[in-house]
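Input: a single structure, listed below in structure tokens.
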Amino acid sequence: SIPRGRRPLLVYNTGRTVADTRSLVAARRLHEPDYIIGSIGTELHAACHDVVDDFRAQFGAAWDIERIDEIVGSIPDVRRQPSEFPHPFKSSWIWVRAWRDELDELERRLRGAGIRAHVDYSCRYFLDVVPAGAGKGRSLAWLCKRLNIPLGNVLVAGDTASDTSMFLLPGVRGIVVENALPELLAEVVRRQIFVARNSLADGVVEGLEHFGVTAQPRTPAGRPFSPAF
């Protein structure tokens, strides 16, 4: 219902695969996105443009999924996620209640093996190892650069630690929904965020109204916000 001249681009940035996200959009009759960033920033689907090859090229050659699986698989009590979640640029595991120093040690082992990787851990349960150029935030930044959209024109929303890298992009504003996990709030508390009083989609709608996307209130700085995302 937003007039076309003011309508921002809609991007679903998710840990789900692109295929799973597209199925969900159809099944639940969600708004069709302009882009889907899937699998923790390792997949990209564009409704109107073919940018997939360029997107994957940024991950570089220093990526050895077999060696990564070997390193992560050697950790006690770690087990693989179901087969639909991993893919050649995403090593996916379940690691219950890992400590920060354990994650730091994993990152050191990957660096020692010459692997440039980003370790994503959320909900004290899900562990994903993706290329250093991936992750939700880095992939969103890549897309913005490709589209010549300043990060100051970007509004993100999320609820878990895997969303943190989006909120930490310089200039980005964010919506943290009421049911967000403390792991996200602890990382983004000093950023330009709006903490909603409502949960899930209701919290996102509340944030969109706060930032003037679906209405015309002013930001705390006293100026209207016209996001590109």
Side-chain angles (χ1 to χ4, degrees), residues 9-60 63-69 71-73 78-96 98 106 110 115-144 146-147 154 156-167 169 177 179-181 183-184 200-201 204 229:
L9 294 175
L10 176 62
V11 179
Y12 294 150
N13 197 349
T14 173
R16 296 174 180 270
T17 65
V18 164
D20 186 32
T21 304
R22 296 185 72 184
S23 296
L24 192 65
V25 169
R28 299 193 180 179
R29 292 186 285 183
L30 302 176
H31 293 292
E32 283 289 340
D34 298 283
Y35 297 90
I36 298 171
I37 298 173
S39 297
I40 315 292
T42 58
E43 292 185 299
L44 178 66
H45 169 74
C48 300
H49 307 284
D50 185 8
V51 295
V52 174
D53 289 342
D54 289 346
F55 177 75
R56 287 180 175 173
Q58 67 173 315
F59 297 151
W63 180 251
D64 186 342
I65 189 69
E66 290 81 11
R67 180 63 176 138
I68 292 168
D69 286 350
I71 291 172
V72 180
V78 170
R79 65 184 189 274
R80 290 183 182 273
Q81 291 183 30
S83 59
E84 63 266 29
F85 296 108
H87 66 75
F89 289 107
K90 179 169 170 281
S91 181
S92 298
W93 305 79
I94 294 170
W95 193 359
V96 180
L106 172 58
L110 292 169
I115 298 169
R116 297 183 63 251
H118 167 68
V119 175
D120 191 285
Y121 185 64
S122 64
C123 304
R124 301 296 303 274
Y125 192 80
F126 297 108
L127 173 69
D128 293 287
V129 181
V130 299
K136 291 183 179 180
R138 293 176 182 86
S139 294
L140 177 58
W142 182 92
L143 181 59
C144 290
R146 179 66 179 256
L147 298 175
V154 176
V156 303
D159 61 359
T160 70
S162 68
D163 299 316
T164 300
S165 59
M166 296 192 299
F167 285 85
L169 292 173
V177 294
N179 60 298
L181 297 180
E183 61 189 17
L184 174 62
L200 305 170
V204 176
F229 284 112

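Worth knowing before you read on, the calculation uses all heavy atoms, side chains too, and leaves out hydrogens, waters and symmetry mates. What you see is a predicted model, and the numbers here were worked out from it, not measured in a lab.
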- prompt: For T164 and L184, what are the C-alpha separation, side-chain angles and deciding distance, and is it a side-chain contact (heavy atoms from CB on, under 4.5 Å)?
  reply: CA-CA 6 Å; T164 300; L184 174 62; 3.5 Å; yes
task: List the steps, then state whether side-chain contact (heavy atoms from CB on, under 4.5 Å) holds for N179 with D159.
output: CA-CA 7 Å; N179 60 298; D159 61 359; 4.0 Å; yes
- request: Could you please spell out the steps behind the side-chain contact (heavy atoms from CB on, under 4.5 Å) verdict for L200 and V177?
  value: CA-CA 6 Å; L200 305 170; V177 294; 6.0 Å; no
task: Would you sort out whether I71 and L110 count as a side-chain contact (heavy atoms from CB on, under 4.5 Å), showing the intermediate values?
output: CA-CA 8 Å; I71 291 172; L110 292 169; 4.0 Å; yes
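Within the model, atoms CD1 of I40 and CZ of F85 stand 10.5 Å from one another, a figure rounded to the nearest 0.5 Å. Note that CG of L140 is 11.0 Å distant from CG of D163, once rounded to the nearest 0.5 Å. Distance check, rounded to the nearest 0.5 Å: NE2 of H45 to CZ of R22 gives 3.5 Å. Between the OG atom of S39 and the NZ atom of K136 there is a distance of 10.5 Å, given to the nearest 0.5 Å. A distance of 9.0 Å separates SG in C144 from CG in L9, rounded to the nearest 0.5 Å. The distance from the CD atom of E43 to the OG1 atom of T17 is 6.0 Å, given to the nearest 0.5 Å.
Residues E32 and L10 approach most closely at O-CD2, 4.0 Å, considering heavy atoms. Nearest approach of H31 to V25, heavy atoms of both residues: O-CG1, 4.1 Å. Across all non-hydrogen atoms, the minimal contact from Y12 to P33 is CD1-CG, 3.6 Å. Closest heavy-atom contact between T42 and A134: CG2-CB, 3.8 Å. S122 approaches S162 most closely through the heavy-atom pair CB-N, 3.7 Å. Nearest heavy atom pair, residue V96 against residue Y121, reads C-OH, 3.8 Å.
Side-chain contact between S139 and F55 is present, with at least one heavy-atom pair separated by less than 4.5 Å. Using a 4.5 Å heavy-atom cutoff, the side chains of V78 and V72 are in contact. Side chains of D128 and Q81 form a contact here, defined as non-hydrogen atoms less than 4.5 Å apart. Here the side chains of C123 and E183 are in contact, with some heavy-atom distance below 4.5 Å. Residues Q58 and R138 have side chains not in contact (no heavy-atom distance under 4.5 Å, counting atoms from C-beta outward).
Applying the salt bridge (Lys or Arg N to Asp or Glu O under 4.0 Å) criterion to R67, with sequence neighbours excluded, gives E70. Judged as a ring pair (Phe, Tyr, Trp, His ring centres under 6.0 Å), and not counting sequence neighbours, F126 has no contacts. Partners of S91 by side-chain contact (heavy atoms from CB on, under 4.5 Å), not counting sequence neighbours, listed by chain and number: I65, I68, D69, W93, V129.
Between the side chain of W142 and the backbone N or O of G133, no donor-acceptor pair lies under 3.5 Å.
Atom CZ of R116 has 12 or fewer heavy atoms from other residues, nucleotides or ligands within 6.0 Å.
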